[in-house]
Amino acid sequence: MTSTEQAAPTANNFLRTIIEEDLKSGKHSSVVTRFPPEPNGYLHIGHAKSICINFGLARDFGGRCHLRFDDTNPAREEREYIDSIKESVRWLGFDWGEHLYYASDNFEQLYQWALFLIGQGKAYVEDLNAEEIRSYRGTLTEPGTESPYRTRSAEENLDLFSRMRAGEFPDGTRVLRAKIDMASPNISLRDPVLYRIIHAPHPHVGDAWKIYPMYDFAHGQTDAIEGITHSICTLEFESHKPLYEWFLDNLPVPARPRQYEFARLNLTYTVMSKRKLQELVQLGIVSGWDDPRMPTLVGIKRRGYTPTAVRAFCELIGVGRSDSWIDVSILEECVRAELNESAPRAMAVLRPIKLVIDNYPADQTEELQAANHPQQPDKGSRIIHFTREIWIDADDFMETPSKGFHRLTVGGEVKLRFGYIVTCTSVVRDEQGTVLELHGEYDPASREGIHTADGRKVKGVIHWVSAPHAVTAEVRLFERLFSDPNPDWGGGDYKQFLNPGSVESLSDCKLEASLAGSDAGTRYQFERMGYFRQDPKDSLPGQLVFNRIVTLRDVWSTKK
RNA sequence: AGGGGUAUAGCCAAACGGUAAGGCAACGGCCUCUGACGCCGUCAUCUCUUGGUUCGAAUCCAGGUACCCCUGCCA
């Protein structure tokens, strides 16, 4: 019995509908999908959508999903990428089990099938060079012209093709082409190239081959060999579909997979093309593929986003066939939603100003209990220290407050979270007029609640850290990499839209003492500031570096 | 002058001839020792457009319009 009867846990989409029908009609008894990256770069959030679709469909319908490296072009592929891709898929939470494949494992079979086509008079060796092939191809509106080599005998083609394989000819001198239709309105049917000569070592099969199949000649056949039932790809492959089917029709393949296309993910405020991401790395605009601002999976991971949140995001945005731009804030919301539940709270002052509480004894320290989560008592509490000198955030003080500001002001009062209500009495400045420290007084009776002695409710609660107990750390605040929602638009240089403030590193942040020996992998909510986690590369015991994963929603900052 | 796609709210998206789901955003309000979280409410007389068929159309038909993809020995 299959699990295909289980209720669909997620929103319906056209792919689920197709699969449900195929299962119901008996066209397929189970679902087999595949995620087929080319190992020529790092995976990004767009790939995550594809991974979630393919692995998710297999999971939901009780089938399986293969991880397959589409490694047909050794000129651009590397072992490093193979390893990184596997790691990212695993990080996302998916498991291909035994089903790890390489298109290159099928090279011999593909070669035999090429021979078969030649034998059938359906493929020929082309001597025209790349430029000539292009001009013979015609244009979008004009038919192409048949190559003079199109009518070579099968014997000659066989001889030439085997010599191509043997490495007798230099790169670019000949290709193998399918003989289809030079006048087809679908350009991919105008005698597409099947094999090209590349004298380069291959990351998976070494130097066994001197000729390599093109994507079109490898993909569908590989799908057939693996028994893929639903071969899901992005929209730009739609025009290749007739070619995909032509090979299945003309070759003795063992199965009949079908291709379906969906709209790739576009995200606002980011670029997704491998070329551009690579450029950002090469130009040093970001620190690497895993820079926390990058939309790569390694970047997102280092930033502190969770796989659960990324998966939730992929579910949320759905799957369709119309070009769409997803607002990056939806991704951020998914991260917040999860972290709000899971992250223990802590207090950290990012831009410290000292507040001296003049009526608090200089030699006194109180241990206060602070809940680790406001809605989850089972998460327990921790001790924070209250002393005469504390740090508060510069953003929480205004000498001349703007309208609606209900934090600390001179003469004003504010509740220190888990502590006392304090009033600011004076500001100490240096000769330049910059604020050195604040002085204030506390109300000893105000430990509980937010009411003053005369029963008024204070409107503001701010976070703070005991100065003698504070741990100094570096905190990196990340913003979107681009300041324009569509840096790719207009045909101009996307780099002109780079956000100059996409990272701000604060080196003198004051963290509560409990964070000193905390687990490096824990994601915290620094109350009122956002979610943070130690940077997995740069944070050291005694020299902590925290990354801001995402801010809290902040109505005040958007209103003021 | 070709071929293939796609058009439902600010952004996604469901609806499969029976009278426009849901999410995000936004906006009001409540709650709150995080301006967080949570909660309540509002948010398409209408589905790119023009006609047609039908008792009934986002769904079917015809004609427009807009946008995306295709002229790599990339995938």
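Just the heavy atoms: all of them, side chains too, but no hydrogens, waters or symmetry mates, feed the values below. Here is how names work: the chains are called A, B, and so on, in the same order as the sequence lines, proteins then strands, and each is numbered from 1.
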What I want to find out is whether [X] reaches [Y] closely enough, with some N-O distance under 4.0 Å, to be called a salt bridge.
{"X": "Arg407(A)", "Y": "Asp393(A)", "value": "no"}
{"X": "Asp223(A)", "Y": "Arg68(A)", "value": "yes"}
{"X": "Asp22(A)", "Y": "Arg258(A)", "value": "no"}
{"X": "Lys179(A)", "Y": "Glu146(A)", "value": "no"}
{"X": "Glu332(A)", "Y": "Arg480(A)", "value": "yes"}

Say we look at [N] and [M]: how far apart would their [atom1] atoms be, to the nearest angstrom?
{"N": "A44(B)", "M": "U34(B)", "atom1": "C1'", "result": "37 Å"}
{"N": "C40(B)", "M": "A25(B)", "atom1": "P", "result": "15 Å"}
{"N": "G22(B)", "M": "A9(B)", "atom1": "P", "result": "16 Å"}
{"N": "C69(B)", "M": "A26(B)", "atom1": "P", "result": "31 Å"}
{"N": "G2(B)", "M": "G64(B)", "atom1": "P", "result": "12 Å"}
{"N": "A20(B)", "M": "C67(B)", "atom1": "C1'", "result": "24 Å"}
{"N": "G63(B)", "M": "U45(B)", "atom1": "C1'", "result": "27 Å"}
{"N": "G29(B)", "M": "U49(B)", "atom1": "P", "result": "35 Å"}

Starting from [atom2] on [N], measure out to [atom1] on [X] and report it in whole angstrom.
{"X": "Asn486(A)", "N": "C67(B)", "atom1": "CG", "atom2": "P", "value": "16 Å"}
{"X": "Asn73(A)", "N": "C74(B)", "atom1": "CG", "atom2": "P", "value": "6 Å"}
{"X": "Leu15(A)", "N": "A14(B)", "atom1": "CG", "atom2": "P", "value": "10 Å"}
{"X": "Gln259(A)", "N": "G4(B)", "atom1": "CD", "atom2": "C1'", "value": "12 Å"}
{"X": "His47(A)", "N": "A75(B)", "atom1": "NE2", "atom2": "P", "value": "14 Å"}
{"X": "Asn40(A)", "N": "G72(B)", "atom1": "CG", "atom2": "C1'", "value": "14 Å"}
{"X": "Arg34(A)", "N": "A75(B)", "atom1": "CZ", "atom2": "C1'", "value": "12 Å"}
{"X": "Leu43(A)", "N": "A75(B)", "atom1": "CG", "atom2": "P", "value": "17 Å"}

For Asp105(A), give me all partners under side chain to side chain contact (heavy atoms under 4.5 Å, CB included), at least two apart in sequence or on another chain.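 Partners of Asp105(A) under the side chain to side chain contact (heavy atoms under 4.5 Å, CB included) test: Tyr102(A), His204(A).
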Carefully, step by step, assess Leu316(A) and Cys334(A) under the rule side chain to side chain contact (heavy atoms under 4.5 Å, CB included). CA-CA 9 Å; Leu316(A) 195 61; Cys334(A) 289; 3.9 Å; yes
Query raised in the report: According to a strict under-4.0 Å criterion, is Arg196(A) in side-chain N/O contact with OP1 or OP2 of C74(B)?
Result: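 So the side chain of Arg196(A) is within the cut-off, an N or O lying under 4.0 Å from OP1 or OP2 of C74(B).
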- [ ] Output yes when at least one side-chain N/O atom of Thr141(A) is less than 4.0 Å from OP1 or OP2 of U71(B), else no.
- [x]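 No, no such contact exists.
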Check every strand shown and say whether [X] touches a base, only sugar-phosphate, or nothing at a heavy-atom separation below 4.0 Å.
{"X": "Leu265(A)", "result": "nothing"}
{"X": "Thr139(A)", "result": "base"}
{"X": "Ser184(A)", "result": "nothing"}
{"X": "Asp216(A)", "result": "nothing"}
{"X": "Ile326(A)", "result": "sugar-phosphate"}
{"X": "Val458(A)", "result": "nothing"}
{"X": "Val193(A)", "result": "sugar-phosphate"}
{"X": "Phe237(A)", "result": "base"}
{"X": "Gly172(A)", "result": "base"}

Worksheet item: More than 12 non-hydrogen atoms from neighbouring residues, nucleotides or ligands closer than 6.0 Å to CD on Gln369(A), yes or no?
Response: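 It does: Gln369(A) CD has more than 12 such atoms within range.
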Ignoring hydrogens and geometry beyond distance, is a side-chain donor-acceptor pair present between [X] and [Y] at under 3.5 Å?
{"X": "Asn106(A)", "Y": "Tyr101(A)", "answer": "no"}
{"X": "Glu80(A)", "Y": "Tyr42(A)", "answer": "yes"}
{"X": "Arg311(A)", "Y": "Thr306(A)", "answer": "no"}
{"X": "Glu226(A)", "Y": "His66(A)", "answer": "yes"}
{"X": "Thr452(A)", "Y": "Asp454(A)", "answer": "yes"}
{"X": "Tyr136(A)", "Y": "Glu126(A)", "answer": "no"}

- Task: Side chain of Arg321(A) only, please: which of C12(B), G5(B), G3(B) is the nearest?
- Result: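 Selected nucleotide (nearest to the side chain): G5(B).
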Problem set entry | Residue of the set Tyr212(A), Phe107(A), Trp113(A), Phe161(A) for which ring-ring contact (aromatic ring centres under 6.0 Å, His included) holds with Tyr195(A) |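 The single option meeting the ring-ring contact (aromatic ring centres under 6.0 Å, His included) with Tyr195(A) is Phe161(A).
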So, is G72(B) syn or anti if syn means the angle is within 90° of 0?
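The base of G72(B) is oriented syn (glycosidic angle within 90° of 0).
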- Under the 3.5 Å rule, do the base of A36(B) and the side chain of His463(A) count as making a donor-acceptor pair?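 Checked by distance alone, the answer is no.
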Close N or O pairs between protein and nucleotides 58-60 of chain B (under 3.5 Å):
none

Quiz prompt | Given RNA chain B, 5'-ward residue of the pair Asn129(A) and Thr17(A), judged by closest heavy atom | solution =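 Residue closer to the 5' terminus by nearest nucleotide: Thr17(A).
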Of Asp171(A) and Ser188(A), the one whose nearest nucleotide on RNA chain B sits closer to the 5' end is Ser188(A)
Protein-proximity profile, nucleotides 30-35 of chain B, B/S/- by nucleotide at the 4.0 Å heavy-atom cutoff, equals --SBBB
Discussion item. Using the rule given for salt bridge (Lys or Arg N to Asp or Glu O under 4.0 Å), can you reason through Lys241(A) versus Glu238(A), listing the C-alpha separation, both sets of side-chain angles and the distance that settles it, and then say yes or no?
Written reply: CA-CA 5 Å; Lys241(A) 192 168 183 167; Glu238(A) 187 152 32; 5.8 Å; no
Fill in: RNA chain B stem ranges, 3 or more consecutive Watson-Crick or G-U pairs under 3.5 angstrom
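Result, WC/G-U stems under 3.5 Å: B:2-7 with B:65-70, B:10-12 with B:22-24, B:26-30 with B:38-42, B:48-52 with B:60-64.
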Legend entry - Nucleic acid contacts of residues 328-337 of chain A, taken as heavy-atom distances under 4.0 Å to RNA chain B: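 Ile330(A), Glu333(A) - these, ordered by number, are the residues of the stretch whose heavy atoms sit under 4.0 Å from the strand.
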Return a table of donor-acceptor pairs under 3.5 angstrom between the side chains of residues 269-278 of chain A and protein atoms on other chains or two or more places apart.
{"residue": "Ser273(A)", "atom": "OG", "partner": "Lys276(A)", "partner atom": "N", "Å": "3.1"}
{"residue": "Lys274(A)", "atom": "NZ", "partner": "Asn40(A)", "partner atom": "OD1", "Å": "2.4"}
{"residue": "Lys276(A)", "atom": "NZ", "partner": "Asp488(A)", "partner atom": "OD1", "Å": "2.6"}

